[in-house]
Number of protein chains: 2
Amino acid sequence: MATISDVARAAGVSASTVSYVLSGRRPISAETRARVQAAIAELRYHPHAGARALASSRTSVLALVVPLRVDVNVPVIMQFVTAVVTAARAQNHDVLLLTKDEGTAGLERVAGATMVDALIVMDVECRDVRIPALRRLRQPSVLIGLPDDPDGLACVDLDFAATGREIVRHLAGHGHRRIALVGPTPVVYQRGTSYAERFLDGFTSTAAELGVRAVARPCEPGGDGVRACLAGIDAELSGVSALVVHNEEALLPLLDELRVRGRRIPEDVSVVAVCPRDVAVALPVRLTSVDIPAHEVGTLAVELAMGLLDGRGPAAPRLLPPTLVERDTCAPPP
Amino acid sequence: MATISDVARAAGVSASTVSYVLSGRRPISAETRARVQAAIAELRYHPHAGARALASSRTSVLALVVPLRVDVNVPVIMQFVTAVVTAARAQNHDVLLLTKDEGTAGLERVAGATMVDALIVMDVECRDVRIPALRRLRQPSVLIGLPDDPDGLACVDLDFAATGREIVRHLAGHGHRRIALVGPTPVVYQRGTSYAERFLDGFTSTAAELGVRAVARPCEPGGDGVRACLAGIDAELSGVSALVVHNEEALLPLLDELRVRGRRIPEDVSVVAVCPRDVAVALPVRLTSVDIPAHEVGTLAVELAMGLLDGRGPAAPRLLPPTLVERDTCAPPP
DNA sequence: TTGAAAGCGATACCAT
DNA sequence: ATGGTATCGCTTTCAA
């Protein structure tokens with residue numbers, strides 16, 4: 001492989017000049033630049049990443065920590081990953097993929113070895129054990145999610161409290177007075193991923209404010225889980241005219257179950273979901289929903305990381321405002 | 001951060017001794033080793049990846065190229081990714097994530113910059129433009145899939161021809177004489193990802209051998225696509241008693257459509273799918289299927305890559321034998 | 001069994 | 001506007 005000296009020799013300049021042509025960190029005459037670039041192309045020169053990292057203490061690599069558990073929604077994760085990789089590439093960075101199950105050790109390994117410039121961590125829990133570790137690292141990190149104490153760490157997420165609020169307002173605006181939340185599976189609450197609680201808060205408090213009767217139940221996956229959840233709802237509150245679904249796995253079995261029971265959507269019951277846009281539109285019926293903006297969140301995470309690398313300190317957590325999209329599953333109560 | 005010299009000083013040895021303790025490339029007295037290891041722990045020393053790569057021309061990083069297109073099945077991809085990352089970690093390697101849409105340039109970039117030791121490439125097409133580029137790289141690569149000319153490149157995949165064969169035999173064994181294949185979307189065939197054709201070959205030729213009437217149609221996504229596909233099948237062959245589905249997106253709408261038409265599974269029509277195990281069991285009805293062994297394929301890909309790095313040349317393509325699992329959707333014809 | 005020192009291939013400071 | 005060179009932190013050959 002050609003080295004920077006080979007290029008320098010071929011262009012009749014010094015190695016440092018080649019380096020400066022590449023980095024643009026100092027003025028170079030047009031003529032010299034042209035010769036150097038020709039030599040680079042000629043020799044198919046690619047700077048050696050390791051040598052660069054050693055000399056500059058910059059790797060141009062971001063770590064991305066993804067959850068690989070089965071209880072989290074796979075397509076959404078892939079959307080985040082796609083967004084992060086794409087945004088990173090747009091900023092001339094590559095992405096090293098870590099899995100959450102390596103835990104704190106994985107973070108310390110890649111950071112300690114200076115394999116990455118910054119870390120982006122998905123699926124952050126309220127009192128995530130990794131947070132103290134992240135604070136200790138030499139590299140900055142960006143969390144996707146909102147832990148209890150985000151102090152000093154950059155965070156991005158959908159504003160789930162506002163999402164709950166927005167949906168309840170929307171339904172109340174349509175005239176619904178009795179609504180129910182089909183929540184995530186119990187483990188999500190147990191694990192303490194804050195989004196579930198934030199959503200629930202927004203949902204519950206807004207319902208109270210608006211004088212809407214509301215009940216919320218977690219929902220186990222599968223048809224049985226859905227039936228159990230609906231039974232719980234019915235037992236607690238009769239005459240529910242709208243279901244809010246914050247559980248993608250439950251969506252399909254739920255629609256199924258409603259059809260089996262002969263309840264038409266939206267004539268007999270309205271349904272509003274929180275899920276990525278494509279699942280909302282891919283289902284048998286186009287769901288009215290608040291989209292989970294995976295692409296925006298991922299992109300923003302990368303931008304925040306870049307900002308931190310440029311010395312712009314972590315601002316307050318960035319909570320993206322929800323957008324409710326009316327599709328075919330929401331109408332006034334019967 | 002502590003460097004190898006810091007460790008050496010703390011342990012009262014030379015830097016090279018520390019290096020040898022770490023690499024195990026030459027005998028070290030137990031006593032010295034202990035002192036060095038104590039110093040390493042004490043100083044929380046992590047070797048600098050860039051420096052290491054520079055000195056040894058080994059990065060301990062594998063590139064993984066994934067398709068991010070929407071027309072490929074997302075959960076399956078995640079399974080491959082999970083398997084590769086896990087297997088790589090087990091061999092003390094990390095994974096750099098590239099997207100297919102960067103094309104040849106992405107491969108040349110990470111290979112040229114010596115960011116990785118080897119590449120694993122998913123979603124390989126029959127005459128993939130990336131293949132000549134891969135051959136030119138200094139680093140070895142492993143393909144997941146089977147191109148027209150795999151010469152000199154390591155390949156892993158499910159044996160799709162055998163899969164088609166196996167399924168037809170199974171149905172014929174149950175007594176089916178008229179069967180139909182609901183294939184992937186037309187774009188999959190157009191793109192020339194070989195698995196679709198290999199499967200079709202196995203399906204068609206085995207049906208012919210066994211004297212089973214068979215028809216095959218691609219299937220566009222969504223309910224409309226499924227209905228069009230079924231219409232095409234009916235027009236070509238009447239009395240079909242078994243459907244073979246090689247299209248995950250179509251699975252759910254298909255089951256839906258069959259129910260709407262009042263055709264019971266498996267009493268009126270048998271269904272055999274080719275899909276990952278978890279989607280086969282997650283659907284409303286547990287599908288008889290041949291599992292796509294993403295985990296095995298991913299793990300094997302990493303092992304092949306390691307082999308290539310150790311100088312063990314690429315053997316013939318590794319095509320994994322299919323396993324048909326009988327569940328609830330297969331019975332003798334009515 | 002251990003040490004000394006020469007690279008590996010860039011960057012960036014100090015000169016001119 | 002350009003060049004020379006110390007430096008980054010490690011691996012590995014050569015010596016002892």
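First the proteins, then the strands, lettered A, B, ... as listed; each starts at 1.
Between the P atom of D:dT11 and the CD1 atom of B:Ile28 lies a distance of 13 Å, rounded to the nearest Å. Separating the CD atom of A:Glu31 from the C1' atom of D:dT2 is a distance of 12 Å, rounded to the nearest angstrom. Rounded to whole Å, atom P of D:dC14 lies 16 Å from atom CZ of B:Arg25. Going from atom OH of B:Tyr20 over to atom P of D:dC10 covers 15 Å, rounded to whole Å. Put simply, CZ on A:Arg35 is 12 Å from C1' on D:dA1, counting in whole angstrom units. Distance A:Arg138 CZ to D:dC8 C1': 13 Å, rounded to the nearest Å. Taking atom CD1 of residue B:Ile4 and atom C1' of nucleotide D:dC8, one finds them 14 Å apart after rounding to whole Å. In this structure, A:Leu54 atom CG and D:dC8 atom C1' are separated by 4 Å, rounded to whole Å.
With hydrogens and angles ignored, a donor-acceptor pair under 3.5 angstrom links the side chain of A:Arg26 to the base of D:dG3. Evaluation of atom-type donor-acceptor distances gives a pair under 3.5 Å for the side chain of A:Ser16 against the base of D:dG4.
A salt bridge links B:Arg109 to B:Glu102: one of the charged nitrogens lies within less than 4.0 Å of a carboxylate oxygen. In summary, B:Asp101 and A:Arg89 do not engage in a salt bridge, as defined by a charged side-chain N under 4.0 Å from a carboxylate O. In summary, B:Glu125 and B:Lys100 engage in a salt bridge, as defined by a charged side-chain N under 4.0 Å from a carboxylate O.
Using a 4.0 Å heavy-atom cutoff across all strands shown, B:Val18 reaches no nucleic acid atom at all. When heavy atoms are screened at a 4.0 angstrom cut-off, A:Thr32 is found touching the sugar-phosphate backbone but no base atom. Using a 4.0 Å heavy-atom distance criterion, B:Ser56 is classed as a sugar-phosphate-only contact.
Residue A:Ser14 places no side-chain N or O under 4.0 Å from the OP1 or OP2 atom of D:dT2.
Take the nearest nucleotide of DNA chain C for B:Thr17 and for A:Thr3: the residue whose nucleotide is more 5' is B:Thr17. Nearest-nucleotide positions on DNA chain D for B:Tyr45 and A:Val13 put A:Val13 closer to the 5' end. Residue B:Pro27 is the one, among B:Pro27 and B:Ala55, whose nearest nucleotide of DNA chain C lies closer to the 5' end (criterion: closest heavy atom).
Here chain A contacts DNA chain C (any atom closer than 4.0 Å to a heavy atom, that is under 4.0 Å), and the contacts span C:dG9 to C:dC14 from 5' to 3'.
Atom CD of A:Gln91 is surrounded by more than 12 heavy atoms from other residues, nucleotides or ligands within 6.0 Å.
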_A:Arg135 vs A:Asp151, side chain to side chain contact (heavy atoms under 4.5 Å, CB included): CA-CA, chis, key distance, verdict_ = CA-CA 9 Å; A:Arg135 285 213 177 84; A:Asp151 222 53; 4.0 Å; yes
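Using a 3.5 Å distance cut-off with no hydrogens or angles, the side chains of B:Thr17 and B:Ser14 do pair a donor with an acceptor. Counted by atom type alone, A:Arg58 and A:Ser56 present zero donor-acceptor pairs between their side chains at under 3.5 Å.
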